[in-house]
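Quick caveat, the model's predicted, so the values are computed rather than measured. Counting starts at 1 for both ligands and their atoms, in listed order.
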Amino acid sequence: MTDESFLEVTDVSKWYGDEQVLHDVSFEMDRGDVTVLIGPSGSGKSTMLRCVNRLAEAQEGSIRLDGEDVLAPSTDVDDLRREVGMVFQGFNLFAHLSAVGNVALGPQRVLGLSKAEARDRATDQLERVGLGNQLDSYPAELSGGQQQRVGTARALAMEPKLMLFDEPTSALDPELIGEVLEVMHDLVEAGMTMLVVTHEMSFARAVADEIVFLDAGRVVERGPPEQLFENPEKERTDRFLDRIASHD
Ligand SMILES: Nc1ncnc2c1ncn2[C@@H]1O[C@H](COP(=O)(O)OP(=O)(O)OP(=O)(O)O)[C@@H](O)[C@H]1O
Ligand SMILES: [Mg+2]
């Protein structure tokens, strides 16, 4: 147990029907690490993230989080999702609830906090993401960047031990991306363990401890950002990075 990593993904394989979408994917993270998954569309990035909180079921391999066997049939998926926060590309906020209502819902319903406690916690988290002045705004009254920050506050209000981000900025207008990255940056500074799918390479370079490059469901290469971006070992990585850079 003692030298086990905080998150250990080992030889994970997954199929949808006959199509194998993950092939023996392995990587590990220590507590407080930031790992960024990159790769072309369809390479399995979202699927890999979703296997970690069992929104998708890996058929082979092992995932261990903080010493627990995530894929064991006995694992309580609700407990797991309480411990693993996720922020998606779409914001998935409840339109009929205010910002504070959206963030307080989980703590109240799932964690059993009183209404007042849940509201206090939601207020704290919304302040943390810079929305202390928008507590009572409804999603339709908020910009995409603000909605995504509410989504992040909602995940944080559950006090997760791991945060998953799946392209949190890719649905946003360019001028709104920065405010969401800034919140993520603050989380990194606060020591949150984060597994992130993003095409924001300068963010990845600034905060990642490790970059994992996936292609066609396989880990082609992984390493610290300086190495992977400056000096990729594989020609496939080089080509992908060139293509990304030419779109920046
Ligand atoms: N629910 C599903 N049912 C069937 N096939 C799926 C499902 N989800 C994903 N796939 C397939 O699995 C493969 C990996 O998809 P995934 O969404 O993980 O890729 P991705 O790297 O996140 O791509 P993108 O950058 O476009 O988000 C693709 O071939 C996709 O079509
Ligand atoms: Mg995806």
Side-chain angles (χ1 to χ4, degrees), residues 7 9-29 34-63 65 70-71 77 80-81 84-93 144-145 147-148 151-152 155 162-174 176-177 180-181 184 194-205 207-208 210-223 225 228-229 232 234-248:
L7 177 68
V9 174
T10 311
D11 293 334
V12 164
S13 292
K14 170 155 187 69
W15 289 256
Y16 281 116
D18 291 339
E19 190 196 357
Q20 187 168 3
V21 298
L22 296 175
H23 296 255
D24 298 320
V25 173
S26 298
F27 61 93
E28 58 283 322
M29 298 174 67
V34 179
T35 294
V36 173
L37 298 182
I38 62 171
S41 182
S43 58
K45 304 179 299 293
S46 296
T47 304
M48 184 60 248
L49 275 195
R50 294 160 66 88
C51 285
V52 173
N53 66 357
R54 287 190 49 190
L55 284 174
E57 294 290 346
Q59 285 109 338
E60 285 183 6
S62 128
I63 300 177
L65 175 63
V70 168
L71 304 184
V77 174
L80 176 69
R81 293 191 192 143
V84 181
M86 186 157 184
V87 177
F88 303 89
Q89 179 178 353
F91 321 122
N92 308 316
L93 300 177
Q147 289 183 56
Q148 191 57 299
T152 306
L162 170 67
M163 285 283 286
L164 308 176
F165 289 88
D166 192 355
E167 301 201 38
T169 61
S170 59
L172 299 177
D173 291 338
L176 301 178
I177 290 174
V180 171
L181 293 180
M184 292 171 70
M194 296 165 54
L195 178 57
V196 182
V197 176
T198 185
H199 298 295
E200 296 294 326
M201 293 299 161
S202 47
F203 174 79
R205 192 186 285 251
V207 303
E210 184 169 72
I211 310 284
V212 177
F213 173 48
L214 279 178
D215 189 27
R218 289 188 167 81
V219 176
V220 174
E221 180 166 357
R222 47 188 273 229
L228 199 121
F229 288 132
K234 299 279 167 53
E235 199 256 329
R236 182 74 197 84
T237 313
D238 210 13
R239 258 191 296 148
F240 174 74
L241 293 172
D242 271 354
R243 207 162 40 120
I244 290 272
S246 67
H247 288 285
D248 269 355

| request: Measure the distances from the heavy atoms of Glu19 to every atom of ligand 1 and state whether one is below 4.0 angstrom. | output: yes

| query | Does Gly39 have a non-hydrogen atom less than 4.0 Å from ligand 1? | reply | no

| said: If I take every N, O or S atom of Gln89, is at least one of them less than 2.8 Å from the Mg ion (ligand 2)? | reply: no

Does any part of the side chain of [Y], heavy atoms only, come nearer than 4.5 Å to the side chain of [X], both counted from C-beta?
X: Thr152; Y: Phe165; value: yes
X: Cys51; Y: Lys14; value: yes
X: Glu28; Y: Leu7; value: no
X: Val36; Y: Thr198; value: yes
X: Leu49; Y: Val197; value: yes

| task | Please lay out, stage by stage, how Ser13 and Gln59 fare under the test side-chain contact (heavy atoms from CB on, under 4.5 Å). | result | CA-CA 6 Å; Ser13 292; Gln59 285 109 338; over 6 Å; no

Using a 4.0 Å heavy-atom cut-off, say whether [X] meets ligand 1 through its side chain, its backbone, both or neither.
X: Pro40; value: backbone
X: Thr47; value: both
X: Glu167; value: side chain

| Would you say the side-chain atoms of Glu210 and Thr35 include a donor-acceptor pair closer than 3.5 Å? | no

How close does the nearest protein non-hydrogen atom get to [atom], and which residue and atom is it?
atom: atom 21 (O) of ligand 1; value: Lys45 NZ, 2.8 Å
atom: atom 4 (C) of ligand 1; value: Tyr16 CG, 3.4 Å
atom: atom 26 (O) of ligand 1; value: Ser41 OG, 2.6 Å

| message | Any protein heavy-atom neighbour for atom 24 (P) of ligand 1 (distance below 4.0 angstrom)? | response | yes

| Right, does atom 13 (C) of ligand 1 have protein non-hydrogen atoms nearer than 4.0 Å? | yes

| request: Would you mind running through ligand 1 and noting each atom that sits below 4.0 Å from a heavy atom of Ser46? | output: 17 (O), 18 (O), 20 (P), 22 (O), 27 (O)

| message | Please check: side-chain N/O of Arg218 versus main-chain N/O of Val25, any donor-acceptor pairing under 3.5 Å? | response | no

| note | salt bridge (charged side-chain N to carboxylate O under 4.0 Å, His left out) with Asp215: of Arg236, Lys45, Arg243, only one passes, and it is Arg236

| query | Is the shortest N/O to N/O distance between Val21 and ligand 1 below 3.5 Å? | reply | no

| said: Polar contacts were defined as any N/O atom of the residue lying under 3.5 Å from an N/O atom of the ligand; does this apply to Gly42 and ligand 1? | reply: yes

